[in-house]
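The model shown is predicted, which means the values in this text are computed figures rather than measured ones. Only heavy atoms go into these numbers, but all of them, side chains included; no hydrogens, no water, no symmetry mates.
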Amino acid sequence: PGLAEWSRGNLRGAVPECDGIEIQVGDGREGLLEHAPYDAIHVGAACPAELVEILGSQLRVGGRMVLPVEDNELEIIQDLVVVDSLEGGALNVESISAVRFVPLTSKERQLESSYGIPTTE
């Protein structure tokens, strides 16, 4: 919540007409279905391959998503993937580069790794 408020303040200062921008606090691994479909989705952390379908289903036809997808063989390297939503719910997935991002994790997992707090997962 503190980061979200800080972000809102930064947006208001930089883009006074930011009324159409909404900041959500939550687990981004499932997207935000209640506001779908989206024109664009950007994921800024490495995610498992199954999220391509989960998040891709929330794109409008013609929408685009960019995300780093974990490579099961090379744990520290991901594929930067561009996903385009096509008619009939199909997704065109194209790998464009090898990248390295931090992993997309749950709040519990973050607390455990950063502060030693046991998870309930």
Is the closest side-chain heavy-atom distance between Val99 and Pro68 below 4.5 Å?
yes
Working for side chain to side chain contact (heavy atoms under 4.5 Å, CB included), residues Met65 and Gln58:
CA-CA 10 Å; Met65 175 171 62; Gln58 296 180 32; over 6 Å; no
Given Ile96 and Val66, is the side chain to side chain contact (heavy atoms under 4.5 Å, CB included) satisfied, shown in steps?
CA-CA 10 Å; Ile96 60 170; Val66 178; 5.6 Å; no
State whether the side chain of Asp79 and the backbone N or O of Val81 hold a donor-acceptor pair below 3.5 Å, judged by distance alone.
no
Tell me the closest heavy-atom pair linking Ala49 and Val69, and the distance in Å.
CA-CG1, 3.7 Å
According to a 4.5 Å side-chain heavy-atom criterion applied to Ile, Leu, Val, Met, Phe, Trp and Tyr, with indirect links allowed, do Ile54 and Val93 form part of one hydrophobic cluster?
yes
Spacing of Glu5 atom CD and Asn10 atom CG [to the nearest 0.5 Å]
11.5 Å
Donor-acceptor pair, side chain of Ser85 and main chain of Arg60, under 3.5 angstrom
yes
Do Tyr38 and Leu67 sit in the same hydrophobic cluster, where Ile, Leu, Val, Met, Phe, Trp and Tyr count as joined when their side-chain heavy atoms come under 4.5 Å apart?
yes
So do the side chains of Leu11 and Ser7 get within less than 4.5 Å of each other, counting heavy atoms only?
no
If you apply the rule side chain to side chain contact (heavy atoms under 4.5 Å, CB included), what do you find for Arg64 with Leu59, and how did you get there?
CA-CA 7 Å; Arg64 176 169 276 186; Leu59 287 169; 5.8 Å; no
Could you point out which residue of Leu91, Val83, Val43 forms a side chain to side chain contact (heavy atoms under 4.5 Å, CB included) with Leu55?
Val43
According to a 4.5 Å side-chain heavy-atom criterion applied to Ile, Leu, Val, Met, Phe, Trp and Tyr, with indirect links allowed, do Leu32 and Ile41 form part of one hydrophobic cluster?
yes
Are more than 12 heavy atoms, taken from residues, nucleotides or ligands other than Glu87, located less than 6.0 Å from that residue's CD atom?
no
Once rounded to the nearest 0.5 Å, what's the spacing between atom OG of Ser97 and atom CD of Gln78?
11.0 Å
Are the side chains of Leu86 and Val61 in contact, using a 4.5 Å heavy-atom criterion?
no
